[in-house]
Amino acid sequence: EVSGPSHLDAATVGAIRSSTPDTLAAALQQAGVSLSSATIHHLQEAEIDGASLVLLNDTQLAGLGIPLGPRSKLLALTQQLQQLEAQQPNPQPTPFSLLLDLPHVWT
């Protein structure tokens, strides 16, 4: 059975973003997305974690062997995650963004 994403709260978003390939299924379940064991297996075999899931597109998910139904649910979820991230007033800095903020003393 495959069900789609529900409303995401901060705790759920954090659980998805910080999930490992082994904990991704539980984080998706927390978000209201239940996937078949075969789909979960495809994600685990490709070592997909929460951070990489939001970067995947339909073609990439299809390339992992994920059927259309579960792909649609995952894409709906990643779209919600991306929209929530874009609405954050002060996103957490990443190592790369910190480098961009440094004065360019080496030039």
> side-chain contact (heavy atoms from CB on, under 4.5 Å) between T23 and T20: does it pass, once the steps are laid out?
Replying inline: CA-CA 5 Å; T23 62; T20 66; 3.2 Å; yes

> Should L53 and L28 be marked as a side-chain contact (heavy atoms from CB on, under 4.5 Å) after you check the CA-CA gap, both sets of side-chain angles, and the distance that decides it?
Replying inline: CA-CA 11 Å; L53 178 67; L28 293 174; 3.8 Å; yes

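Proximity of a side-chain donor or acceptor of Q82 to a complementary backbone N or O of V54 within less than 3.5 Å is detected. In this structure, the side chain of H42 engages the main chain of L64 through a donor-acceptor pair within 3.5 Å. Proximity of a side-chain donor or acceptor of S52 to a complementary backbone N or O of I48 within less than 3.5 Å is not detected. S18 contributes a side-chain N or O that, together with a main-chain N or O of G14, makes up a donor-acceptor pair within less than 3.5 Å. Side-chain atoms of R71 do not come within 3.5 Å of backbone N or O of L61 as any donor-acceptor pair. A distance-only check finds a donor-acceptor pair linking the side chain of S19 to the backbone of G50 [under 3.5 Å].
One finds the CG atom of D49 at 12.0 Å from the CD atom of Q44 (value rounded to the nearest 0.5 Å). Between atom CG of residue L74 and atom OG1 of residue T78 there is a gap of 7.5 Å, rounded to the nearest 0.5 Å. The CD atom of E47 lies 9.5 Å from the CG atom of D22; values are rounded to the nearest 0.5 Å. Atoms OG and CD1, on S36 and I66 in that order, are 8.5 Å from each other to the nearest 0.5 Å. Here I40 contributes atom CD1 and E45 contributes atom CD; the two are 13.5 Å apart, rounded to the nearest 0.5 Å.
Using a 4.5 Å cut-off on side-chain heavy atoms (C-beta onward), L75 and L56 make no contact. Between L43 and L35 the shortest side-chain heavy-atom distance falls below 4.5 Å.
V33 and K73 make their closest contact through CG1-CB, 4.3 Å (heavy atoms, listed as atom of the first residue, atom of the second, distance).
Heavy atoms from other residues, nucleotides or ligands lying under 6.0 Å from CD of Q60 number more than 12.
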